[in-house]
Amino acid sequence: MGVFCVRRTGLVAAGLTALFGASAAMEATVPAPPPATGPHAVKAKGCLLTGNGYLRAQIRGARKLDIDLHNSELECDGSARPDGTGIRISFAGPLHANGRRLRMVFGVRSATEGAPGRALPTNLTVMFEGEHRLFATRGEDKCTVDRLEQQRLGAPGAAAHIYRVIAHGFCIAPVTALQGNEKIVISRFDFAGRVAFDASPERPWEMRPMISPKQP
């Protein structure tokens, strides 16, 4: 398979609970969130209303992909972890007629509202929806966000504090499949997405710990 901008992706939602139940340091997500409303609302298509969201990554190993997805091709969302240990931010590429789509979920420890960051341990999950393939670091010792910036979006007095979060990072060890022996290597990743810091109720599709109380 040649290097290409990702267009063959996916993981069936049914069975995610069983897969993640085997991992003690993972967060799970149901692949297709409902439309957001209120302070979390975004355009039906597109990551950021400002038009400058993106996801770039280089993947080698069991998959050979150069990901370069722009704002209009992405769905993104993020929030603070409930225990305040960092942020969770997810990106989903285009959903194709065959049900395939790429989703990448970053759990960035020690990131706090509005503050820049350096050398932040990061948990990474890569889902190929529609292909029954899921890869995860199962911890924060394999990937790092070495540079993180935050830009406030919207009116200063808004109830929800929404930020454009820009990050650059890399992984120093392979990311392994939850089933089988496949591995992928993500030598670098860059993204710009949205994170909302507020007291809104947790959405049912949002990532959450399955076994371990430790937040990844």
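Predicted, not measured: the structure shown is a model, and the values here were computed from it.
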query = Does T125 reach the side chain of F106, with side-chain heavy atoms less than 4.5 Å apart?
reply = no

dist L69:CG -> Y54:OH (nearest 0.5 Å) comes out at 13.0 Å

Residues 162-184 vs ring pair (Phe, Tyr, Trp, His ring centres under 6.0 Å), sequence neighbours excluded, gives Y163-F197

Review point. For P116, does its backbone N or O pair with a side-chain atom of Q150 as donor and acceptor, under 3.5 Å?
Key: no

Worked check of side-chain contact (heavy atoms from CB on, under 4.5 Å) between V165 and I87:
CA-CA 10 Å; V165 175; I87 61 174; 4.2 Å; yes

message: With heavy-atom distances below 4.5 Å as the criterion, would you say the side chains of V185 and I59 are in contact?
response: no

dist D141:CG -> I172:CD1 (nearest 0.5 Å) comes out at 7.0 Å

_Using side-chain heavy atoms (C-beta onward) and a distance below 4.5 Å, is R63 in contact with E131?_
yes

Notebook entry, point to check: Quick one: does L120's side chain get under 4.5 Å of R109's, heavy atoms only?
Noted result: no

Evaluate the criterion side-chain contact (heavy atoms from CB on, under 4.5 Å) for residue pair R138 and T176; output intermediate values, then yes/no.
CA-CA 9 Å; R138 312 187 201 198; T176 57; 3.7 Å; yes

Taken to the nearest 0.5 Å, the spacing of C143 SG from L124 CG works out to 5.0 Å

**OP:** Kindly indicate whether the side chain of M104, heavy atoms from C-beta on, has any atom under 4.5 Å from the side chain of I186.
**Re:** yes

For residues L102 and L95: do they belong to one hydrophobic cluster (side chain heavy atoms under 4.5 Å, members Ile, Leu, Val, Met, Phe, Trp, Tyr)? no

For A62 and F135, the nearest pair of non-hydrogen atoms, with its separation, is CB-CZ, 4.5 Å

In terms of heavy-atom contacts, C47 and G193 come closest through SG-CA, 3.9 Å

From the list R60, R188, R56, salt bridge (Lys or Arg N to Asp or Glu O under 4.0 Å) with D66 holds only for R60

Looking only at heavy atoms, the pair that brings Q58 and S187 closest together is OE1-OG, 2.8 Å

Heavy atoms of V105 and S90 approach each other most closely as CG2-CB, 4.0 Å

query: Thinking salt bridges, do R194 and E75 make one under a 4.0 Å N-O criterion?
result: no

* Is there a donor-acceptor contact under 3.5 Å from the side chain of N71 to the main chain of L48? -> yes

Close side-chain approach of V195 and I162, heavy atoms under 4.5 Å: no

Residue pairs passing the ring pair (Phe, Tyr, Trp, His ring centres under 6.0 Å) test with at least one member in residues 69-92, sequence neighbours excluded, are F91-F191

Side chain to side chain contact (heavy atoms under 4.5 Å, CB included) with E140: of V108, T122, N123, only one passes, and it is N123

* Asked: Checking T137 side chain against G139 main chain: does a donor-acceptor pair fall under 3.5 Å?
  -> yes

Here the gap from R133 atom CZ to I184 atom CD1, rounded to the nearest 0.5 Å, amounts to 9.0 Å

Are L148 and I166 close enough that some pair of their side-chain heavy atoms sits under 4.5 Å apart? no

Sequence neighbours excluded, the answer for side chain to side chain donor-acceptor pair (under 3.5 Å) partners of N52 is T50, R164

(message) side chain to side chain donor-acceptor pair (under 3.5 Å) for T144 and D146? Distances and angles first, verdict last.
(response) CA-CA 6 Å; T144 299; D146 65 348; over 6 Å; no

